[in-house]
Amino acid sequence: QVQLVESGGGWVQTGGSLRLSCAASGRTCSSYARGWVRQAPGKEREVVAAISWSGGSLYYADSVKGRFTISRDNYKNTVYLQMSSLKPEDTAVYYCAAALHPTITTMTNEYAYWGQGTQVTVSS
């Protein structure tokens, strides 16, 4: 089993930055693709960033491209999401997730493990 724990969420003004971290425990996730998925009130979950097991392949949703950066440290079993130039529409609960395969995926149903989520609120 894998446990994922997010940290780093909070409140920030428009244009600000936050860095989310997701630490995995239990079974190593170093060979799994990882992703950050967000869910805003009344909306479906959306994969905003994903990274392959090696970090060699990356995906960003159009809505965050150029503003968010996903990275991973397999030694620490941790994935990060650096968020800059934040906008009110980025307000959501952000979940980190792990797939059971090494290649990136943009499909939420391909992620087998999920964290509990961390709230990000961007005020205008």
If I take atom [atom1] from residue [X] and atom [atom2] from residue [Y], how far apart are they, to the nearest 0.5 angstrom?
X      : Y     : atom1 : atom2 : answer
Gln119 : Thr91 : CD    : OG1   : 7.0 Å
Ser123 : Gln13 : OG    : CD    : 5.0 Å
Glu46  : Gln39 : CD    : CD    : 10.5 Å
Asn77  : Ser25 : CG    : OG    : 8.5 Å
Met83  : Leu20 : CE    : CG    : 4.0 Å

Heavy-atom side-chain contact between Tyr59 and Ile51 under 4.5 Å: no

query: Side chains of Gln82 and Ser71: does their closest heavy-atom pair fall under 4.5 Å?
result: no

Considering the options [options], which one meets the side-chain contact (heavy atoms from CB on, under 4.5 Å) requirement together with [X]?
X     : options                       : value
Asp90 : Val48, Leu18, Val12, Val122   : Val122
Ser52 : Leu58, Thr105, Ile104         : Ile104
Cys96 : Trp114, Tyr113, Tyr111, Trp36 : Trp36

query: Is Tyr32 reaching over with its side chain to a backbone N or O of Thr103, donor-acceptor style, under 3.5 angstrom?
result: no

- prompt: Is a donor on one side and an acceptor on the other found under 3.5 Å between the side chain of Glu6 and the backbone of Gln116?
  reply: yes

Nearest atoms (heavy-atom pairs only) where [X] meets [Y]:
X      : Y     : value
Ala49  : Leu81 : CB-CD1, 3.9 Å
Ser124 : Pro88 : CB-CG, 3.9 Å
Gln1   : Gln3  : CB-NE2, 3.7 Å

Does the Lys NZ or Arg CZ of [X] fall within the cation-pi geometry relative to [Y] - under 6.0 Å from the ring centre and within 45° of the axis?
X     : Y     : value
Arg34 : Trp53 : no
Arg38 : Tyr95 : no
Arg72 : Tyr80 : no

- request: Give the intermediate values and the outcome of side-chain contact (heavy atoms from CB on, under 4.5 Å) for residues Phe68 and Leu86.
  value: CA-CA 9 Å; Phe68 290 11; Leu86 283 161; 3.8 Å; yes

- request: Could you walk me through whether Ser63 and Glu89 pass the side-chain contact (heavy atoms from CB on, under 4.5 Å) test, one step at a time?
  value: CA-CA 9 Å; Ser63 56; Glu89 50 264 44; over 6 Å; no

message: Could you walk me through whether Val37 and Tyr94 satisfy the side-chain contact (heavy atoms from CB on, under 4.5 Å) test, starting with their C-alpha distance in whole Å, then the side-chain angles of each, then the deciding distance to 0.1 Å, before giving a yes or no?
response: CA-CA 6 Å; Val37 181; Tyr94 284 72; over 6 Å; no

- prompt: Should we say atom NZ of Lys76 is surrounded by more than 12 heavy atoms from elsewhere, each under 6.0 Å from it?
  reply: no

